[in-house]
Peer 1: 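Supplied in structure tokens, the structure appears directly below.
Protein chains get the first letters and strands the later ones, always in sequence-line order, with residue 1 at the start of each.
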Amino acid sequence: MLDLKLMQKNPEIVAKALHARNSKLDMGEFQALDARRRDLLAEVEALKAQRNKASAEVAALKRAGRDASELLKTMSAVSERIKELDAQAEEAKAAVESWVMSVPNIPDASVPVGRDENENVEVARWGTPREFSFPPKEHWEVGTKLGGFDFDRAGKLAGSRFVVSWGWAARFERAIANYFMDIHIAEHGLIEVQPPLMVNRRTMTGTGQLPKFEEDLFRLEAWDYFLIPTAEVPLTNLHAGEVIPEEMLPLNYAAMTPCFRSEAGSYGKDTKGLIRQHQFLKVEMVHFAHPERSFEALETMRAHAETLLQRLELPYRVVALCTGDMGFSACKTYDLEVWLPGQNKFREISSCSNCGDFQARRANIRFKPKGGGKPEFVHTLNGSGLAVGRTLVAIIENYQQEDGSIVVPKALRPYMGGIERVDAPARHL
RNA sequence: GGAGAGGUAGCGAAGCGGCCGUAACGCGCUCGACUCGAAAUCGAGUUACCGGUGAUGAGCCGGUACGUGGGUUCGAAUCCCACCCUCUCCGCCA
């Protein structure tokens with residue numbers, strides 16, 4: 001959510017940002033809604049002032065033992081009118097609010113201006129893609145042949161965009177997740193969290209998934225709970241409504257959770273394999289920063305994510321998302337894209353964003369300055385470190401051998417019982 | 001699922017139709033006095049948000065907020081209804 005004052009006093013700044021993001025929202029619409037809200041408020045507040053004054057008079061008359069029935073009669077009518085106007089004012093306020101809630105964050109000045117993902121800017125590249133002496137296969141082919149993935153049975157159990165992984169594949173995923181978490185905790189100093197995987201509407205609104213993107217979420221109808229699409233949601237909302245002492249900043253969390261996404265609107269995209277699933281494991285980092293240090297923190301977070309790919313020796317590149325491709329809540333985002341030889345392209349494996357005070361304002365997350373003074377909004381950041389399923393995809397495609405086996409990256413061997421290679425099918429029907 | 005208790009400022013807690021919401025009282029926090037310094041003590045200050053007017057400041061004027069939403073009333077923290085959350089006991093359960 002943007003600052004209401006900013007939208008009122010500097011509509012041109014917001015209009016410019018909306019344009020850069022390809023938004024269809026029109027600031028004129030906001031100004032009309034806001035003007036109506038203020039007019040109604042002024043009117044009803046004047047009446048309420050009158051009522052308050054009269055109430056005091058009634059009390060005084062009664063105490064003096066005198067008759068107040070004349071005043072009561074006129075005030076009854078005023079109260080009636082207040083009730084009507086209050087309802088209208090409430091409606092006008094809700095209209096402004098829902099408009100404001102659908103406005104995306106303003107991109108930072110350093111973000112490249114562009115229409116879509118084709119105008120993202122590559123800012124770094126690491127590693128050299130391996131030379132293959134055979135045509136590299138896609139991960140689902142290698143993985144299924146080795147008996148690790150079963151898309152047919154997943155279809156039976158649930159439907160499309162699910163997978164059953166078993167044997168080495170299931171263990172691989174667990175190894176990757178544990179490896180990442182151990183590094184975050186021991187080396188990056190993050191605090192491990194196991195949050196609820198279902199959250200309420202308010203929580204989804206705090207981080208910006210609602211009200212605009214409900215169709216992307218799985219919702220439990222009987223409970224009005226939502227399955228989290230990323231641990232960013234519960235972690236960022238951990239401190240919703242709180243005032244954090246400045247000494248406590250920055251706060252640094254990491255969680256390894258399943259994530260659930262409806263993938264509505266992606267029909268026909270990535271229909272094969274693990275790339276786009278309804279359910280996937282992801283390690284997420286969330287950082288609460290002092291406003292002056294959030295952009296430094298974004299670089300640190302990006303480095304935390306990069307180190308994981310480097311240790312697994314997976315080639316990747318870093319792109320700065322352009323204004324048209326950035327997520328709703330972000331003011332600056334880096335994507336890490338890992339090299340997939342089977343698909344012969346880079347695919348997103350991490351997204352690290354600084355959300356500035358956008359989420360903090362929605363979720364009301366503030367800090368108390370050291371020297372005293374009013375609480376201010378913190379800045380929130382989130383980044384994948386990393387998407388576990390896609391990491392497995394990258395390992396399979398990069399480490400596949402001509403005979404169909406997969407070499408286990410050195411760093412992961414201690415987490416895989418010391419084995420150096422996956423070459424035998426999992427034992428199952 | 002059953003029974004009970006509770007939700008008021010940063011925390012604890014009083015109030016139970018108008019004299020109590022810049023909200024008693026206590027703690028905390030800020031400033032000051034005392035002190036070589038500290039503790040103790042004493043004194044003063046300390047809610048947020050919205051609208052109007054200022055300069056997106058200060059100040060002033062008005063409004064709102066006692067878990068949330070409704071209702072009764074000229075007037076609700078206080079009375080009525082529904083819901084949410086927390087705690088205790090019982091039942092069930094990994």
Peer 1: Which is more 5' along RNA chain B, the nucleotide nearest A/Arg37 or the one nearest A/Glu45? Just name the residue.
Peer 2: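 Closest to the 5' end, via its nearest nucleotide, is A/Arg37.
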Peer 1: Roughly how many Å apart are B/rU88 and B/rC11, using the C1' atom of each and rounding to a whole number?
Peer 2: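 Each nucleotide's C1' atom is 22 Å from the other's.
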Peer 1: Is any side-chain heavy atom of A/Leu251 less than 4.5 Å from a side-chain heavy atom of A/His287?
Peer 2: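 No; the side chains remain at least 4.5 Å from each other.
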Peer 1: Quiz question: by atom type and distance under 3.5 Å, do the side chains of A/Glu232 and A/Gln359 form a donor-acceptor pair?
Peer 2: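 Looking only at side-chain atoms, A/Gln359 and A/Glu232 do form a donor-acceptor pair, the distance falling under 3.5 Å.
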Peer 1: So which nucleotide does B/rC34 pair with, by the Watson-Crick or G-U wobble rule with both distances under 3.5 Å?
Peer 2: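 When the pairing criteria are applied, nothing turns out to pair with B/rC34, so the answer is none.
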Peer 1: From CZ of A/Arg38 over to P of B/rU64, roughly how many Å is that when rounded to an integer?
Peer 2: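 Computing the A/Arg38:CZ to B/rU64:P distance gives 20 Å.
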Peer 1: For B/rG12 and B/rG17, measure between their C1' atoms and round to the nearest Å.
Peer 2: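 Between the two C1' atoms, the distance is 27 Å.
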Peer 1: Roughly how far apart, to the nearest Å, are B/rG91 and B/rG2 at atom C1'?
Peer 2: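 Roughly 8 Å separates the two C1' atoms.
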Peer 1: Looking at A/His139, is its backbone amide N or carbonyl O close enough to the side chain of A/Gln400 to form a donor-acceptor pair, meaning the two atoms are under 3.5 Å apart?
Peer 2: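 Side chain of A/Gln400 to backbone of A/His139, a donor-acceptor pair under 3.5 Å: no, none is there.
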Peer 1: Flag the pair A/Arg81 and A/Glu43 as a salt bridge only when some basic side-chain nitrogen lies within less than 4.0 angstrom of an acidic carboxylate oxygen.
Peer 2: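 Yes, charged N to carboxylate O under 4.0 Å.
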Peer 1: Verify whether the ring centers belonging to A/Phe328 and A/Phe213 lie closer than 6.0 Å.
Peer 2: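 Yes, close enough.
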Peer 1: What integer number of Å spans the C1' atoms of B/rC36 and B/rC49?
Peer 2: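 These two C1' atoms come out 47 Å apart once rounded.
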Peer 1: Suppose you measure atom C1' in B/rG69 against the same atom in B/rC25; what distance do you get, rounded to whole Å?
Peer 2: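 The same atom, C1', in both gives a distance of 32 Å.
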Peer 1: For A/Glu57, answer base if it contacts any base atom (sugar-phosphate contacts may also be present), sugar-phosphate if it contacts only those atoms, and nothing otherwise; contact means non-hydrogen atoms under 4.0 Å.
Peer 2: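 Nothing, no heavy atom under 4.0 Å.
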Peer 1: Round to a whole Å and report the spacing from CG of A/Asn52 to P of B/rC61.
Peer 2: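 A/Asn52 atom CG is separated from B/rC61 atom P by 15 Å.
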Peer 1: By the 4.0 Å heavy-atom rule, please label A/Asn10 as base, sugar-phosphate, or nothing.
Peer 2: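 Answer is base: heavy atoms of A/Asn10 come under 4.0 Å of a base.
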Peer 1: Would you find a donor on one side and an acceptor on the other, under 3.5 Å apart, between the side chain of A/Arg421 and the backbone of A/Val408?
Peer 2: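 Here the side-chain-to-backbone pair does not exist.
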Peer 1: Rounded to the nearest Å, what distance is computed from the CZ atom of residue A/Arg202 to the C1' atom of nucleotide B/rG67?
Peer 2: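 Atom-to-atom, A/Arg202 to B/rG67, this comes out as 10 Å.
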Peer 1: Between B/rG15 and B/rC79, how many Å separate the two P atoms, rounded to a whole number?
Peer 2: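 My reading of the P atoms in B/rG15 and B/rC79 gives 12 Å.
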Peer 1: Could you state the atom-to-atom distance from CD of A/Glu97 to P of B/rG51 in whole Å?
Peer 2: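 Distance, rounded to whole Å: 12 Å.
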Peer 1: Starting at NZ of A/Lys9 and ending at C1' of B/rA55, how long is that distance when rounded to a whole Å?
Peer 2: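 Interatomic distance, NZ of A/Lys9 to C1' of B/rA55: 9 Å.
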Peer 1: Base, sugar-phosphate, or nothing: which does A/Lys53 touch, judged by heavy atoms less than 4.0 Å apart?
Peer 2: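 Answer is nothing: A/Lys53 stays at 4.0 Å or more from every strand.
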Peer 1: Of the options B/rU56, B/rG75, B/rC50, whose atoms approach the side-chain atoms of A/Arg51 most closely?
Peer 2: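 Closest of the options to the side chain of A/Arg51: B/rG75.
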Peer 1: From CG of A/Asn364 over to C1' of B/rA65, roughly how many Å is that when rounded to an integer?
Peer 2: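 From A/Asn364 CG to B/rA65 C1': 14 Å.
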Peer 1: Just the rounded figure in Å: distance from C1' of B/rG75 to CD of A/Gln50.
Peer 2: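 Checked: the CD to C1' distance equals 14 Å.
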Peer 1: Check the interface with nucleotides 16-19 of chain B: list each N/O to N/O pair with the protein under 3.5 Å, or write none.
Peer 2:
from, atom 1, to, atom 2, distance (Å)
B/rG18, N2, A/Ser55, O, 3.2

Peer 1: Taking the side chain from A/Ser76 and the backbone from A/Lys73, do they hold a donor-acceptor pair closer than 3.5 Å?
Peer 2: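 No; judged by distance alone, with no hydrogens or angles, the pair does not exist.
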Peer 1: Pick one for B/rG54: is it syn, with its angle within 90° of 0, or anti?
Peer 2: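 Judged by the O4'-C1' to base torsion, B/rG54 sits in syn, the angle falling within 90° of 0.
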Peer 1: If anything within 90° of 0 is syn and all else is anti, what is B/rC20?
Peer 2: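 Base orientation relative to the sugar is syn.
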Peer 1: What distance, rounded to whole Å, do you find between the two P atoms, one in B/rC84 and one in B/rG45?
Peer 2: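 Result for the P pair: 44 Å, nearest Å.
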Peer 1: For A/Asp216 and A/Gln209, does a side-chain donor sit closer than 3.5 Å to a side-chain acceptor?
Peer 2: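 Result is no, nothing qualifies.
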Peer 1: Quote, to the nearest angstrom, the P distance that separates B/rA40 from B/rG28.
Peer 2: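 That atom pair is separated by 8 Å.
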Peer 1: 5'-most contact on RNA chain B: A/Leu6 or A/Leu72, nearest heavy atom basis?
Peer 2: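 Here A/Leu6 is the residue nearer the 5' end.
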